[in-house]
Amino acid sequence: MKRKIRKAKDTRLAEEKERERRAKTLQKETLDRKKAEQAKKRAEKLRRQKALVEARRAEQEADRAVTRARQELASVIRETGAARPSSRASGSSERKVQSIGVKQYSSTLATWISNQWQIPEMLKKNRNLKTTVALTIRRDGSIANLQIERKSGDPFFDQSVMKILQSTTSMPRFPGVVEESSLDYVLDFDPSGLIN
């Protein structure tokens with residue numbers, strides 16, 4: 001009888017220890033899952049913060065570009081004088097303003113493309129790669145007539161250049177001082193990015 005009681009106690013103790021072990025294992029798994037979820041949330045928050053910082057930087061660059069354009073426009077206006085110019089002089093100053101607007105847009109476009117393009121690491125090592133792309137940008141920023149003018153010799157590099165230009169829904173819109181309905185560009189890319 002004592003043996004049976006002792007055996008029943010030993011069995012109960014073993015069962016209790018097994019239940020405790022399972023409970024600890026379940027707690028550990030739950031804790032590990034929570035830690036993984038928290039790490040994932042932190043990584044996502046960090047990614048969002050980085051994207052926000054990048055967006056703010058791009059916005060600041062655009063603000064600086066607008067300020068430069070305004071300063072250049074003010075300079076052109078000062079050069080032409082406060083009095084109303086003759087029609088011939090007016091055409092000349094309008095062309096200057098138009099030219100400044102196109103230059104400013106080109107600068108904004110170069111910055112925008114450089115911010116969008118992430119070259120694959122494996123392609124950064126070969127500094128001899130160069131791809132030339134021709135495209136037309138419409139007033140609303142949409143792209144037309146996109147084609148490679150000169151291939152780099154590395155299809156992956158050429159593909160990464162085309163991918164960024166094709167994947168964007170549109171480029172920045174033209175500023176109000178640009179009167180053209182479209183602008184043609186020939187862009188050169190190498191592993192460092194867009195070549196100005």
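Quick note: numbers below take in every heavy atom, side chains included, and nothing from hydrogens, waters or symmetry partners.
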With heavy-atom distances below 4.5 Å as the criterion, would you say the side chains of [X] and [Y] are in contact?
X    : Y    : result
Y105 : I137 : yes
I148 : T131 : yes
T132 : L187 : no
V133 : V186 : no
M171 : Y185 : no
L129 : F189 : no
E61  : N115 : no

Check: Do side-chain atoms of T108 reach the backbone of Q104 as a donor and acceptor pair under 3.5 angstrom?
Finding: yes

Notebook entry, point to check: In a check of side chain to side chain contact (heavy atoms under 4.5 Å, CB included) between T136 and each of I143, N145, L146, which one passes?
Noted result: N145

Notebook entry, point to check: How far apart are the C-alpha atoms of R12 and E15, what are their side-chain angles, what is the distance that settles it, and do they pass the salt bridge (charged side-chain N to carboxylate O under 4.0 Å, His left out) test?
Noted result: CA-CA 5 Å; R12 272 197 312 267; E15 288 174 355; over 6 Å; no

Got a list of side-chain donor-acceptor pairs under 3.5 Å for residues 28-40, not counting sequence neighbours?
unit_1 : atom_1 : unit_2 : atom_2 : d
K28    : NZ     : D32    : OD2    : 3.2
T30    : OG1    : L26    : O      : 2.8

Notebook entry, point to check: Going by an N to O cut-off under 4.0 Å, is there a salt bridge joining E44 and R47?
Noted result: yes

Note to self: Less than 3.5 Å apart, any donor N or O on the side chain of S152 or D154 sitting next to an acceptor on the other?
What the structure shows: no

